[in-house]
Amino acid sequence: MNITTRPLSSDECVQLITHAAPPWKQQYFIAVFTGLRISDLLSLSWFPYPPEKVLEIQTGKIKEIVWSDLALAHWEALYNFGSPREKLFIQRDPSSYRKRIQSDCAKLLIPHKHVAFHSLRKSHAVIAYRQGGVLAAKQAMNHTS
């Protein structure tokens, strides 16, 4: 399903992450923090420590990630959630992420039209842009132009 998604505002991101139940809280945080696409998030291995570099499936480019202490805490909580498994992100069907974020937004009275899991990637770009302008957003999204 292709829809034009919108980024969540910073306040909406905080509200979503604060009120979401585990493991969604951690999955939302890691998505906003890294700006990775759902395909890349679903490829992250279940490992106690996050990777410093991720090979982006869609572009074939390497994305470097510097993990903050808060991001490491979310990774650890997600790693310790549930049973041992092959991949870090628990649900394997990408559409379950769209359905869940729309459901969580609706419960929190966040307008959820045009919201999908990709909205978290767009939120990452907006945060980078606000902190450092176009070049910071370009770097954060691992874009070449």
Quick check against the 3.5 Å criterion: does [X] have a side-chain atom that pairs as donor or acceptor with the backbone of [Y]?
X	Y	result
Ser45	Phe47	no
Arg6	His114	no
Asn142	Ile62	yes
Gln102	Val115	yes
Arg130	Ala125	no
Arg85	Leu88	yes
Trp46	Pro84	no
Ser123	Ser119	yes

For a quick test of reading the model, state the closest non-hydrogen atom pair linking [X] to [Y] and the distance between them.
X	Y	result
Ala128	Ala137	CB-CA, 3.9 Å
Ala116	Ile101	C-CG2, 3.7 Å
Ala31	Phe117	CB-CE2, 3.6 Å
Leu42	Arg92	O-NH2, 2.6 Å
Ala21	Arg100	CB-NH2, 4.4 Å
Gln91	Ser96	CB-OG, 3.4 Å

How far does [atom1] of [X] sit from [atom2] of [Y], to the nearest 0.5 angstrom?
X	Y	atom1	atom2	answer
Ser68	His74	OG	NE2	8.5 Å
Ile30	Leu78	CD1	CG	5.0 Å
Tyr129	Lys138	OH	NZ	15.0 Å
His112	Leu109	NE2	CG	10.0 Å

Measuring only between side-chain heavy atoms, which start at C-beta, is [X] closer than 4.5 Å to [Y]?
X	Y	answer
Asp40	Thr34	no
His118	Ile38	no
Leu36	Lys63	yes
Pro22	Gln27	no
Lys122	Thr5	yes
Thr18	Tyr28	no
Arg37	Ser39	yes
Leu16	Cys13	no

| task | Dump the intermediate steps for side-chain contact (heavy atoms from CB on, under 4.5 Å) on Ile110 and Gln15, then the final yes or no. | result | CA-CA 9 Å; Ile110 296 171; Gln15 189 177 5; 3.7 Å; yes
| Does Tyr79 OH have over 12 foreign heavy atoms under 6.0 Å away? | yes
Assess the side chains of [X] and [Y]: does a donor N or O sit below 3.5 Å from an acceptor N or O?
X	Y	answer
Ser43	Lys87	no
Asp93	Ser95	yes
Glu76	Gln26	no

Would a hydrophobic clustering, with Ile, Leu, Val, Met, Phe, Trp and Tyr connected at side-chain separations under 4.5 Å, put [X] with [Y]?
X	Y	answer
Val126	Leu120	no
Leu70	Leu72	yes
Leu8	Met141	no

| For the residue pair Phe33 and Phe29, does the interplanar ring angle fall in the parallel (under 30°), tilted (30 to 60°) or perpendicular (over 60°) class? | parallel
| remark: Of Phe89, Trp67, Phe81, the one forming a ring-ring contact (aromatic ring centres under 6.0 Å, His included) with Trp75 is Trp67
| Could you give all pairs that pass the salt bridge (charged side-chain N to carboxylate O under 4.0 Å, His left out) test and reach residues 20-34, with sequence neighbours left out? | none
| request: Assert yes or no for the condition that the ring centre distance of Trp24 to Tyr97 is strictly below 6.0 Å. | output: yes
